[in-house]
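Quick caveat, the model's predicted, so the values are computed rather than measured.
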Amino acid sequence: MESTFRLFLLFCILIICACKKDTKNPVTSTVHDFSLIKSAAWRDNIGKEFEVEGILVDEGNGSATLYANEQDYLINTITPEARFINLNVNGSNYKNLQEFFGYKVKLTGVLEATDDHSIIATSDLTNDASQARLRIKSPVTKTSATQYFENPSASDLCSKFPSSCPSYIFGPVVANKYALLYSGGINKAQAAIRFWNDIGATYRMLMAKGFSPDNIVVVYKDGNPDHGYSSYDNIPVNYPATAAGFQSAINQLKNRMTARDTFVLAISNHGGGNNTYNSGASFSGANDTDNDDERNGINDMTDETISYYNENKNFTDDNLRNYINQLKFGCMIGLLAPCYSGGLIYDLRGPNRVLISSATEFQYSWGTPTIDIFFATLLNAVGLESFTTDPFDLNKDGRRTINETFQGMVAGILQNNTDQQPQYCDDPSGNYTDHPSSTGYGSTIVW
């Protein structure tokens with residue numbers, strides 16, 4: 001059992017290293033930070049050539065990206081414009097850059113304004129420099145033999161990491177269980193494929209817990225399934241991740257749910273907030289103009305945000321609260337993975353709710369290229385329920401509660417040495433903790 005547990009946790013480990021600088025003298029000046037290219041006056045340089053170096057990511061969605069720092073690809077928040085630039089492969093020697101996935105590369109490109117609708121549609125939210133991209137002119141060359149991370153679509157999750165797809169015991173469908181799974185991703189350049197794998201993994205786990213597919217509503221990107229691990233190719237998407245799409249999902253559930261039902265909300269996405277934990281972080285939340293988040297000495301004038309897809313507006317914690325409070329349910333379980341997601345707990349607070357976040361409201365949450373650490377540790381903790389001796393049945397009563405599952409998730413995070421601190425709240429106060437009481441509401445609730 002212990003070896004299987006450790007095998008799965010290896011899947012979640014982040015390799016977060018300092019960027020290795022190239023020590024060679026290039027023919028022309030190599031840009032290690034894209035701030036000079038993506039300045040406020042970037043349009044004045046359209047048509048000029050730039051030699052650049054960075055970590056290349058091409059997830060096959062038509063938006064190849066060069067990151068100045070590999071960590072930015074793994075953080076669940078909006079990447080600052082100065083730390084990445086989009087690439088246009090049309091007319092280049094490379095129609096597909098996936099062979100360079102995760103490597104540090106060098107190339108020369110011609111600066112141009114993007115014609116990608118997804119990027120243009122959100123440029124008021126991100127800023128005008130998000131429309132800057134480089135059309136590849138020279139051959140792409142690796143400058144390091146190190147592959148910082150593998151292509152998340154290179155193989156199937158369940159075949160590559162068997163212990164990440166536990167042999168769930170699929171019981172009978174329970175009619176009064178409902179779920180809403182959400183991921184927006186901002187736009188094509190920032191919607192990492194791991195968010196789709198988060199959705200697929202959670203969908204499969206909920207089905208094993210008796211949720212009918214008819215009662216699981218998926219709100220994702222442009223309303224279409226993605227292509228991450230093939231294990232999740234048959235997961236349906238019901239609505240696009242827009243304000244209208246989210247409201248349509250709420251309306252569907254509102255017309256079916258009652259005060260006797262169990263409701264699971266799972267959010268996998270970028271999050272915005274006020275980071276006081278991680279050095280070098282930039283503000284990415286929204287101004288809290290009505291001071292509705294002020295409590296317990298916290299008054300940072302910040303609304304946490306999650307992202308819509310292809311919309312020029314913030315999806316704030318207030319918006320999320322207003323959506324969810326339209327629903328009737330007897331019990332709610334909230335699984336909140338974005339950066340700063342601890343801040344969502346206060347807004348979603350209420351009776352008969354168990355809310356679990358990947359981090360506090362002041363820190364990042366992290367992913368691997370394949371799946372977010374939050375959902376990986378959730379899957380691991382839930383999967384271990386099927387073991388003859390469940391290591392997280394802490395009171396040994398043969399009944400795994402949500403509180404005990406949280407303890408299992410915390411154990412997984414600690415083993416990974418991940419710089420995030422999952423939080424928990426199961427009372428109406430909205431005050432989160434990483435050491436919940438064993439006698440609270442969440443200790444009476446099972447999946």
Side-chain angles (χ1 to χ4, degrees), residues 59 61 76 118 152-153 157-158 165 168 170 173-188 190-257 261-271 306-311 315 319-320 323-324 326-327 329 332-338 341 344 367 370-372 374-376 378-379 382 447:
E59 295 189 325
N61 64 355
N76 292 323
S118 178
S153 301
L157 175 66
C158 295
C165 292
Y168 293 126
F170 285 76
V173 170
V174 180
N176 67 332
K177 291 184 174 183
Y178 294 84
L180 171 56
L181 312 185
Y182 178 81
S183 180
I186 308 173
N187 56 38
K188 186 185 292 185
Q190 302 216 33
I193 201 66
R194 68 176 177 270
F195 297 151
W196 174 247
N197 290 336
D198 293 342
I199 294 288
T202 305
Y203 191 101
R204 185 174 183 275
M205 183 271 288
L206 291 175
M207 286 185 61
K209 291 298 181 183
F211 286 70
S212 166
D214 294 335
N215 291 348
I216 303 175
V217 180
V218 177
V219 183
Y220 179 75
K221 275 177 61 173
D222 60 358
N224 295 301
D226 226 324
H227 299 288
Y229 281 123
S230 58
S231 303
Y232 310 134
D233 282 352
N234 61 346
I235 303 298
V237 175
N238 302 95
Y239 301 102
T242 60
F246 202 98
Q247 184 61 66
S248 294
I250 293 295
N251 290 343
Q252 178 178 334
L253 292 168
K254 185 166 56 175
N255 291 333
R256 301 182 63 187
M257 289 170 54
D261 296 332
T262 294
F263 171 60
V264 171
L265 171 68
I267 298 178
S268 165
N269 209 355
H270 291 298
I306 57 178
S307 304
Y308 293 117
Y309 188 75
N310 289 0
E311 288 207 352
F315 189 168
N319 298 141
L320 181 62
Y323 283 127
I324 299 305
Q326 297 177 46
L327 300 176
F329 45 77
M332 173 180 168
I333 302 168
L335 305 172
L336 313 170
S341 51
L344 303 178
T370 52
I371 194 169
D372 276 315
F374 177 84
F375 285 103
L378 170 68
L379 290 174
V382 172
W447 291 102

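- In terms of the ring pair (Phe, Tyr, Trp, His ring centres under 6.0 Å) criterion, residue partners of Phe263 (sequence neighbours excluded) are, by chain and number, Phe329.
- With sequence neighbours excluded, the residues that form a side chain to side chain contact (heavy atoms under 4.5 Å, CB included) with Pro225 are Trp196, Val237.
- A pairwise comparison of heavy atoms in Gly185 and Asn269 identifies N-OD1, 2.7 Å as the closest pair.
- Thr202 contributes atom OG1, which lies 6.0 Å from atom CG of Leu379 (distance to the nearest 0.5 angstrom).
- Shown here are the side chain to side chain contact (heavy atoms under 4.5 Å, CB included) partners of Ser118, two or more places apart in sequence or in another chain: Asp116, Asn187, Lys188, Tyr309, Asn310.
- Applying the side chain to side chain contact (heavy atoms under 4.5 Å, CB included) rule to Ala243 yields the partners Tyr308, Glu311, Lys313, Tyr323; only residues at least two apart in sequence or on another chain are considered.
- Contacts of Gln252 classified as side chain to side chain contact (heavy atoms under 4.5 Å, CB included), with partners at least two apart in sequence or in another chain: Val217, Tyr239, Arg256.
- For Lys221 (side chain) and Asp226 (main-chain N/O), no donor-acceptor pair under 3.5 Å exists by modelled atom type.
- Smallest separation of non-hydrogen atoms from Ile306 and Pro338: CG2-CG, 3.9 Å.
- Legend: salt bridge (Lys or Arg N to Asp or Glu O under 4.0 Å) pairs involving residues 237-254, not counting sequence neighbours: none detected.
- Taking every heavy atom of both residues into account, Phe246 and Leu320 meet most closely at CZ-CD1, 4.0 Å.
- Applying the side-chain hydrogen bond (donor to acceptor under 3.5 Å, both in side chains) test to Tyr178 and every residue at least two apart in sequence or in another chain returns nothing.
- Scanning all heavy atoms of the two residues, the minimum distance from Asn197 to Ile371 falls at O-CD1, 4.4 Å.
- For the atom pair CG (Leu344) and CG (Leu265), the distance works out to 9.0 Å, reported to the nearest 0.5 Å.
- How far CD1 of Ile199 is from CD1 of Ile267: 9.5 Å, rounded to the nearest 0.5 Å.
- We find the CE-CG distance between Met257 and Leu327 to be 5.0 Å, quoted to the nearest 0.5 Å.
- Applying the side-chain hydrogen bond (donor to acceptor under 3.5 Å, both in side chains) criterion to Asn251, with sequence neighbours excluded, gives Gln247.
- Looking at Met205 and Leu378, their side chains come closer than 4.5 Å, going by heavy atoms from C-beta outward.
- Atoms CG and OH, from Asn238 and Tyr220 in turn, are 14.0 Å apart once rounded to the nearest 0.5 Å.
- Closest approach of Gly200 and Ile235 over heavy atoms only: CA-CG1, 4.0 Å.
- Under the side-chain hydrogen bond (donor to acceptor under 3.5 Å, both in side chains) criterion, Asp198 pairs with Ser268, not counting sequence neighbours.
- Listed for the His270 side chain is a donor-acceptor partner under 3.5 Å among the backbone atoms of Gln190.
- Evaluation of the ring pair (Phe, Tyr, Trp, His ring centres under 6.0 Å) rule for Phe374 yields no partner, not counting sequence neighbours.
- A ring-centre distance under 6.0 Å is not found for Tyr232 and Tyr203.
- Rounding to the nearest 0.5 Å places CD1 of Ile250 at 11.0 Å from CG of Asn255.
- Of all the heavy atoms in Ala241 and Gly184, the pair that sits closest is CB-CA, 3.6 Å.
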